[in-house]
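Okay, so here's the structure we're looking at.
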Amino acid sequence: MITPGRRSRRASAGRGKRVAPGGGARLAATVSLPVLPLAWFAALQEHPPWMPGAYLGYLLVVIVVPGTMFWRRLTGGTGWFTTDVVLGTAFGLAVEALLYPVGMVFSMPLAALLMPALAFGMYRALPRRKLPERPTPWWATSGAMVVVGLAAAWFVRVGSQLIPLNGPSALRPNSDAPHNLAVAAELSRHFPPKVPYADGKWMSSHWAAYDHIASSHWITSIPLDVLTHRMVPFALLLLTVLGAAAVGMLLTGRAVAAPIAAGLTVLAGDLAAWPWTVSDRLFTESPFSLGQLTNPPQAFATVLALPLIAVTGLLLRRKPGQTRAQLFGLFVAGGVLIAALALTKATALPVYAAGLAAAWVYLTVRAGRLNLRALILGVGVAAAYALTFFVVLRGALSSVLFDPGATFEHMAERIGGDGSTVVVIAAVVAIGWLMPAVGALLIRRRLPRDPMPVFLVVGFLAALTGAALLYDDGQAQLFFVRTGFIYGVLLATWGLGSLERRQFYVAGVALLIGAAAIYWGRYRSPDSCSGAECFAQPLAVASVIAVLGIGVFGLILRGSRRTWAVITVAVLLGTTVSPTAVSLREFARPSLTEYESIAPGGIEAARFIRRNSGSGDRIATNVHCHRPRASHCLTGSYWIAGYAERRVLVQGWAYKARVDDTYPDGVQSSYWDEEKLRLNDEAFSEPTRDVLEKLRTQYGVQWLLLDERVSAPPENLERLTELRFHFGTVRVYQLYSTSPRPAPTMTPSPSPSPAFPTSSPTPTGTPTGTPTGSATPSPVSPGRTFSSTSVPTQSFTPSLPTTPTFPSSPAG
């Protein structure tokens, strides 16, 4: 019989008391630490070693060390040095996200290199104070490193396969990957950013996540697509795992929370991965969901939310002896994180604000007076939100509408269900979303009047409510769930971390019972169905098995009420493990289209333009549709702007829905400047000298990229321009005039090219240009003029990486 009142003396080590580890403990902790760099290089083994090495060095020197110094000086530390390092790294990313655009305004794309000097200056300027330190037990470090190794193994098997970087598959992405690359390219070359694939409008979206990609691209010379689709997503996943572990330790005051939080971040999720929901990739909600890999703002927002939750806890818990200077440092740290989060993801601040408002009400009612600390944070959130809306988003209205239940109706339509199944589907999905919050039932508060459980519960419920009541055609409302799901992980961690030493064995067995129950229920679920019975039966089977497991296990132990609560909560949390593991395995298949949305030879052509142009050059193209010559045109093509790192006059202009080929006949939406579109298309259908000269002088177009799959090249186009590149189905022309045109404001040297070609398409004909063995023509300066006979056409030759020379003036 387990008596919860009996507390093991050795459990005090998990509560942070100073316990001197023995030689074996030190050895175990030392051996486990190299797992992190080893996992990093193992997960990125497909790339040349210098690339992961350069990014890791950049992260350590520019982000980790300065960020940790900032964090410890401003907040006073959490009491664990390892926790401060993890949270300081996330804080360093927030500082970089705010510093990079300032540097671009002042012609300093390498502004992040100032962070070590700024951190050292702050360290010397602010008064020193002795920070309380508690050793992190070796088993906590080792447990977190085991989860890191598991995350790396998953990334090798699944994450690195979702977006192909080379080979024929690289030509068949959906619209997400090229869009992310285009935005990253825009932030790396221009500021303030405009829509790079439809030049002319200001970018009315959140872009802070791409600041980190652009900054690391400038400093490390790693190709932009490798950073956007591989290294940065993997780094943010690891920081999510370690950040959850760090915040779990802070909330509970126990080191045992570190491996629990890390494990739940990777293995736990919701109940959405039934066979009939896996078909819709949007309905997988966990920190390791697809949105973390294909949506950099979502992953970046999760990383930034964790130190913000930590700062909120340090402020609202009223640590005894805090001076005004210490409070000011905490508010500065919170302000930096709030500002960075406001620029990162639209769903992040509303979820945080809901939890903060609830905590403010709770503290105000308990104390009988206004709580100024929560109020100041709330004012900061409101100010950051307003500034972002009016300055960054420029007052652009969201496409998300208030439409209760539409999320579940959409899901029913996708799987062929009728109106009678919507209620059942809503119940299954909502129960799955709510499951992590049951961990709150086991929470034992470490401090009196602790507002953090209220903060986490209300924030989590607000996220789920937002997803259920709002709707967007592109399913953007589901990012509320992804934003709030880390709150659920922390609630579950806090509950399990509050157990006594012997109760961990009980919880471990109960977790296995829950996983087995949901696995058997899922096994009974048919792969496809359209009736309410097949939706409800699997969950009913799983529920019966879970209830029986709770009853039998509880009777065997003959435990107290606390023991029964531990068993029940652990079984319910265990039900989220199996579906998440299944969904992660299912998503090993890349989300590719059946057609080549990128033209064969298009990536090489775009990189040719990048190597031979200035950042102020613009490109005109006949590519507008995601699928060439489709009967229904999704105007969601963005790859030219991404790979060329140059603005395109008019390529694609719609980014409201995923590529699912369900649009009606015709064009998805009309372009906002019909005259510009008409002039652009005339250059590829009926080109004249006047049309081309107007494109060059009025719109700054210096390059034409033509895809032969869309339209054949006009006969007189080569007489009016200069054919510079021809490979596959793509031709690249350069516009010229008889008089020299002024050089652009900024002319950086060529951006780095990867050591391997992104794709190797088979040319439709023999590439025109210099014969084999002849000298490759030197790059043409953006301001140089030439005659039609002076510069030969260049055939495709994959180039080795080059290190850019960083200019003294801003890009574009």
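Side-chain atoms are counted along with the backbone in the values below, which use heavy atoms only and exclude waters and symmetry mates. Numbering of residues begins at 1 and proceeds along the displayed sequence. Everything numeric here is computed off the predicted structure, so don't read it as measured data.
- For the pair W494 and R444, the minimum side-chain heavy-atom distance is 4.5 Å or more.
- Between R230 and E46 there is a salt bridge, since at least one side-chain N of the basic residue sits less than 4.0 Å from a carboxylate O of the acidic one.
- A side-chain N or O of T82 and one of T136 form a donor-acceptor pair less than 3.5 Å apart.
- Taking CE of M249 as the reference point, atom CG of L87 lies at 10.0 Å (rounded to 0.5 Å).
- The distance from atom CZ of F155 to atom CG of L162, rounded to the nearest 0.5 Å, is 8.5 Å.
- Residues L74 and L330 fail the side-chain proximity criterion, which asks for heavy atoms closer than 4.5 Å.
- The salt bridge (Lys or Arg N to Asp or Glu O under 4.0 Å) search around R317 returns D450, not counting sequence neighbours.
- The two residues A507 and L499 make their nearest non-hydrogen contact at CB-CD1, 3.7 Å.
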Is there a side chain to side chain contact (heavy atoms under 4.5 Å, CB included) between V247 and L490? Walk through the geometry before answering. CA-CA 8 Å; V247 177; L490 293 177; 3.9 Å; yes
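- A distance of 5.5 Å separates OH in Y123 from CZ in R73, rounded to the nearest 0.5 Å.
- Residue M69 holds its CE atom at 9.5 Å from CE of M122, rounded to the nearest 0.5 Å.
- Side-chain contact check for T265 versus T493: every heavy-atom pair is 4.5 Å or farther apart.
- Listed for the Q326 side chain is a donor-acceptor partner under 3.5 Å among the backbone atoms of T323.
- In this structure, L118 and F70 have side chains that are in contact, with non-hydrogen atoms separated by less than 4.5 Å.
- Using a distance-only test at 3.5 Å, with no hydrogens or angles considered, no donor-acceptor pair links the side chain of D84 to the main chain of W71.
- Pairing each heavy atom of V256 with each of W139, the nearest pair is CA-CZ3, 3.5 Å.
- Residues T568 and L572 form a side-chain contact, since some pair of their non-hydrogen atoms from C-beta on lies under 4.5 Å apart.
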Steps toward side chain to side chain contact (heavy atoms under 4.5 Å, CB included) verdict (R318, R373): CA-CA 9 Å; R318 286 188 174 272; R373 300 187 181 191; 3.6 Å; yes
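- Y55 and H212 have perpendicular rings, their planes meeting at more than 60° on a 0 to 90° scale where under 30° would count as parallel.
- For Y487, the side-chain hydrogen bond (donor to acceptor under 3.5 Å, both in side chains) criterion is met by no residue, not counting sequence neighbours.
- Rounding to the nearest 0.5 Å places CD1 of I486 at 10.5 Å from CZ of F460.
- By the 4.5 Å heavy-atom criterion applied to side chains, L239 and L93 are counted as neighbours.
- Cation-pi contact between K345 and F479: present, with separation from the ring centre below 6.0 Å and deviation from the ring axis of at most 45°.
- The two residues R558 and L555 make their nearest non-hydrogen contact at CG-O, 3.0 Å.
- For the pair Q161 and V156, the tightest heavy-atom approach, listed with the atom from each and the gap, is NE2-O, 3.4 Å.
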Working for side-chain hydrogen bond (donor to acceptor under 3.5 Å, both in side chains), residues N371 and W360: CA-CA 6 Å; N371 184 275; W360 176 75; 5.4 Å; no
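- A distance-only check finds no donor-acceptor pair linking the side chain of R72 to the backbone of G77 [under 3.5 Å].
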Check step by step if side chain to side chain contact (heavy atoms under 4.5 Å, CB included) holds for F553 and V571. CA-CA 11 Å; F553 191 40; V571 168; over 6 Å; no
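- Aromatic pair W40/F234: centroids less than 6.0 angstrom apart.
- Under the side-chain hydrogen bond (donor to acceptor under 3.5 Å, both in side chains) criterion, T83 pairs with no residue, sequence neighbours left out.
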Begin with the C-alpha distance, continue with both residues' side-chain angles, and end with the deciding distance and a verdict on side chain to side chain contact (heavy atoms under 4.5 Å, CB included) for V86 and T68. CA-CA 8 Å; V86 174; T68 303; over 6 Å; no
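- The shortest non-hydrogen separation linking V148 to A39 is CG1-CB, 4.1 Å.
- Applying the 6.0 Å contact sphere to CZ of F120 captures no more than 12 heavy atoms from other residues, nucleotides or ligands.
- The closest side-chain heavy-atom distance from R562 to Q503 is below 4.5 Å.
- Heavy-atom minimum distance, H47 versus P52: CB-CD, 4.5 Å.
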List, one per line, each side-chain donor-acceptor pair under 3.5 Å for residues 304-312, sequence neighbours excluded.
{"from": "T312", "atom 1": "OG1", "to": "L308", "atom 2": "O", "distance (Å)": "2.7"}
{"from": "T312", "atom 1": "OG1", "to": "Y352", "atom 2": "OH", "distance (Å)": "2.7"}

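- Taking 4.5 Å as the limit, every side-chain heavy atom of L44 sits out of range of all side-chain heavy atoms of M51.
- With sequence neighbours left out, the side-chain hydrogen bond (donor to acceptor under 3.5 Å, both in side chains) criterion links S216 to no other residue.
- To the nearest 0.5 Å, atoms OG1 (T75) and CG (L315) are separated by 10.0 Å.
- Applying the side-chain hydrogen bond (donor to acceptor under 3.5 Å, both in side chains) rule to S215 yields the partners Y58, E96; only residues at least two apart in sequence or on another chain are considered.
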